[in-house]
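What follows is a single structure, written as C-alpha cells, with notes after it.
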Amino acid sequence: MVDLSRDRVGEFRGEWCGKWSLRPVGGGVEWTVDPEDVRPADPIQRLRAELTRANRRSRGELL
C-alpha cells in the first residue's frame, strides 16, 4: 500500500478505530493513516519494497 500523505510504501497490518496500520515492507515501526490517504502500490513500487527487504535480509538486518 502507498501512504499518499507520507509518500511511503507499507504493508497493511490492520484497522483500528477507522485508521489503517501500515508497516515498512523491510520491517520497522508501524504507522497509522486514514484509509482515504492510501492506494495500492503499483508493480514498480512493490518490486522496490521487496528488493529493499531482500537487501536488508542479506546484510543480516532482518531475520
Side-chain angles (χ1 to χ4, degrees):
M1 305 300 295
V2 177
D3 178 349
L4 300 172
S5 64
R6 292 177 180 85
D7 194 32
R8 292 179 67 186
V9 175
E11 297 175 328
F12 178 78
R13 305 300 290 170
E15 184 268 335
W16 186 69
C17 293
K19 299 274 190 176
W20 285 9
S21 179
L22 301 179
R23 182 185 68 135
V25 175
V29 179
E30 292 183 6
W31 74 94
T32 57
V33 63
D34 291 321
E36 61 268 9
D37 291 332
V38 176
R39 69 164 173 78
D42 63 40
I44 294 296
Q45 290 170 314
R46 285 194 302 266
L47 180 61
R48 285 182 184 145
E50 291 297 328
L51 182 59
T52 298
R53 181 194 327 226
N55 286 337
R56 290 187 69 198
R57 179 167 278 150
S58 73
R59 291 189 302 259
E61 297 172 10
L62 297 174
L63 296 177

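Residues take their numbers from the sequence shown, with the count starting at 1.
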Derivation and outcome, side-chain contact (heavy atoms from CB on, under 4.5 Å), residues Q45 and V2: CA-CA 8 Å; Q45 290 170 314; V2 177; 3.4 Å; yes
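Applying the side-chain hydrogen bond (donor to acceptor under 3.5 Å, both in side chains) rule to R56 yields the partners E61; only residues at least two apart in sequence or on another chain are considered. For the side-chain hydrogen bond (donor to acceptor under 3.5 Å, both in side chains) test, no residue two or more places apart in sequence or in another chain qualifies with T32.
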Please tabulate, one pair per line, all N/O donor-acceptor pairs under 3.5 Å involving side-chain atoms of residues 16-26, not counting sequence neighbours.
from : atom 1 : to  : atom 2 : distance (Å)
K19  : NZ     : D34 : OD1    : 2.7
S21  : OG     : E30 : OE1    : 2.8
R23  : NH2    : E11 : OE1    : 2.5

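Sorted by first and then second residue, the ring-ring contact (aromatic ring centres under 6.0 Å, His included) pairs with a member in residues 32-54 form an empty list; sequence neighbours excluded. Evaluation of the salt bridge (Lys or Arg N to Asp or Glu O under 4.0 Å) test over residues 36-47, restricted to residues two or more places apart or in two chains, returns none. Pairs passing the ring-ring contact (aromatic ring centres under 6.0 Å, His included) check and including a residue from residues 22-59, sequence neighbours excluded, do not occur.
Hydrophobic cluster of L47: no remaining members, since no ILVMFWY side chain lies below 4.5 Å from it. Other cluster members for L51: none, since no ILVMFWY side-chain heavy atom sits under 4.5 Å from it.
Residue L4 is not grouped with residue V33 when hydrophobic side chains (ILVMFWY) are merged at heavy-atom distances under 4.5 angstrom, including chains of intermediate members.
Counted within 6.0 Å of CZ on R48, heavy atoms from surrounding residues, nucleotides or ligands total 12 or fewer; the atom is thus considered open.
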